[in-house]
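Notes for the one structure printed next.
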Amino acid sequence: MERYLKISTVNIRHNLLAHMLAGTLLALAAPAFMGIENLNQQQVAKIMEVYLSLIGIILFVPTYIPDMDGNIYDLIRSKKESMIILHVIRVAEAFMFTVIIGLAFLYLLKKGNCEFSLIKMFYTFMSNSIFLGGLGMFIFSIFNQLPLAYMIPLVYYIVNYGSDYKHLGNFYLFSMQAYPLADKKYLFISGIVFIVSSILIAKGKTLK
Amino acid sequence: MFISLVKQECKMWIKSVVFYAYIIILFLFYVSQMGDGMAIKEPQPGKDNYGTVYSKDENAIMNGTLRDLVDEYECESFATYPFGFYKQVILSQDENEKMENCISKLTNKTKEEWQSIINNYYSNFTAGYDENGVYVQEEKVPWSLFVASDLSYDSFKKIMNEITDLIGSGSSYSEKKLKSHGRVAQTYEQAVAEYNDILQKDKVTGAYARLFSDYMGILLGILPAFFVTTRLIKEKRSHAAGVVYSKKASSFAIVLSRYLAMIIVLIIPVFLVSCFSLAQAVYIAHALHVSPDYLAYVKYCVGWLLPTVLFASAVSYLITELTESVLSIMLNVIIWIVSIFADAGNNLIYAGNNLIPRFNEVGKYQLFQDLFFELVRNRIIYTIISVILVGILVILYQMKRKGGYQIHGKVFKDFDSKYQA
């Protein structure tokens, strides 16, 4: 248990900290770009789906950054703890921080007299974030290319910006704004599948 | 030597996964946005709806604006979209008094007079859902508050500037957004004139080339950042920086060859994808018995899209060289979000100072002509800034080569941390 704690502390300090800072800044910058008071559910959904869910890419994609270096990867693989445990710890940290930012932001919106269902908006935010972050992790685990890992989820986000529910169906990221009854479970489950698959792929790969 | 450096860089890109991912993304994005053709049809007489146009009648714009302003004043809140996201503005008492003063100046009536007209209108106005669940509005008294007949358009604009200062950025009362209040139904004659402009002035291909540039610009505002960071990571992995620093080639040659190679591999796939759109547009032109402009796409790709690529690449390259990290991706994302969402209330037709100009319409030749000089100025400015950024980059690279730039080489990292991690 002590070793897991050490792993998680070191990961936060040397890998995730800058990304946590970037995610926090993204959330803190929101009032400068948009109103966070007296919004209705549709307007809150837009903020959570279009703006804040980018945090998923910021926090989840860096999971495999320390492993990019072949020497470090071999060093980590030689340790007692399996790669899966290591990656699960990193993903758990990213997940927890995403939850913290999401809940804090929604609390701020509630304080600003916005009218929305907290559970629904939190679920919307987590589904989008996990999907985008999971997609980035999946690409990263296959190609071991950080730019590609950021590029694919961002391009998917851009495609959603220019598309609609009719074309992307249950995988449309911005569904809650236009269709309050849209179900985000497909995005949520796909995100989890991407994350789990990426961890399994990353375990089995060899780096040159 | 310079040409061989450029060739070498291009060869490296041709072997890169990121390059092929980029081509696939470009093509799929084009198909998803323009794949269904968007064929143009000659307007038929006797239809109920020919779309809408911005009225050039200053009176229509002034009265439309006044109506929207008074509606928001009555609701005691003003909608702004500074970055495409709704932001509610509620005025303080002082600001409210200034707003009332502006409305008095617009209508040349005292506050009591125009307030009385408004109260009479709203007390005879009903809105709600009928038994079928349809939202209906009923106006028992017609709207009767109009701008003063002797108010010139210039004076009107001055008052609108005062109002914009009160409400803040992103309101629909700024000068460039005023015409959005004067949207009127397009007549059959106007629709025919617009259709003829597509055939005779745009020669069909020009209209589609504009739409193609509109869509591709969205991607090209951000994708260059990934090429730059790929280059950085490749260099770091191969530990090639030291070797390159010791070579005979000047910093100018090294930096410019890398930059030019990146521009080449970014813009050539755009030309290739544009051939698909060109083929569609040429087919439509021939079907309408019009001789197309075969060079329309080349003109728009070079004049409209290339400056976006130049700027996005230059900014990314400079930030990456400065920080030796992937921070440039984040910075480019911020620039992209601001560019895309900043003018989102403009019906996707704008240039201004935006990195990603928009013109999300087929045709609308006259509207494009109104925007043309603004677009040209925009593209020239971004090209000049890109050249300046590349100049700074060369100086930075030279400093690094001579060993004069040492902040542990990176921001927020020290050499041992990655091993400790």
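Quantities reported herein were computed from a predicted structural model and do not represent experimental measurements. All values below come from the heavy atoms of this structure, side chains included, with hydrogens, waters and symmetry mates left out. Letters go in sequence order (proteins before strands), and every chain restarts at 1.
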Heavy atoms only, distances under 4.5 angstrom: which of I158(A), L148(A), I152(A) has the most pairs with chain B? Name it, please.
-> I158(A)
Do S277(B) and Q280(B) meet the criterion of a side-chain donor-acceptor pair at a distance under 3.5 Å?
-> no
Using non-hydrogen atoms only, which part of L54(A) is less than 4.5 Å away from chain B: side chain, backbone, both, or neither?
-> side chain
Crowded around Y20(B) OH? As in, over 12 foreign heavy atoms under 6.0 Å?
-> yes
Select one option (side chain, backbone, both, neither) describing which atoms of I36(A) are under 4.5 Å from chain B's heavy atoms.
-> neither
Using non-hydrogen atoms and a 4.5 Å limit, figure out which bit of I222(B) sits close to chain A: side chain, backbone, both or neither.
-> side chain
Residue I90(B) versus chain A: region with a heavy atom under 4.5 Å = side chain
Step by step, work out the ring pair (Phe, Tyr, Trp, His ring centres under 6.0 Å) result for F140(A) and Y150(A).
-> CA-CA 8 Å; F140(A) 203 167; Y150(A) 281 121; 7.9 Å; no
Heavy-atom closest pair, residues I264(B) and P269(B) = O-CD, 4.2 Å
Pair count under 4.5 Å, heavy atoms only, with chain A: among I25(B), V17(B), I334(B), highest is I25(B)
Chain B heavy atoms under 4.5 Å from V155(A): which part of the residue, side chain, backbone, both or neither?
-> side chain
In terms of heavy-atom proximity below 4.5 Å to chain A, should V18(B) be classed as side chain, backbone, both, or neither?
-> both
Shortest non-hydrogen pair, S129(A) vs T98(A), comes out as CB-CG2, 4.0 Å
Side chain, backbone, both or neither: which part of V89(B) has an atom under 4.5 Å from a heavy atom of chain A?
-> neither
Report the residues that fulfil ring pair (Phe, Tyr, Trp, His ring centres under 6.0 Å) with Y30(B), sequence neighbours left out, ordered by chain and then residue number.
-> none
Cation over ring, K110(A) on F116(A), under 6.0 Å and within 45°?
-> yes
Verdict with supporting geometry, I263(B) and S313(B), side-chain contact (heavy atoms from CB on, under 4.5 Å) = CA-CA 8 Å; I263(B) 301 301; S313(B) 305; 3.6 Å; yes
Using non-hydrogen atoms only, which part of I57(A) is less than 4.5 Å away from chain B: side chain, backbone, both, or neither?
-> neither
Could you tell me which portion of F143(A) (side chain, backbone, both or neither) has an atom closer than 4.5 angstrom to a non-hydrogen atom of chain B?
-> side chain
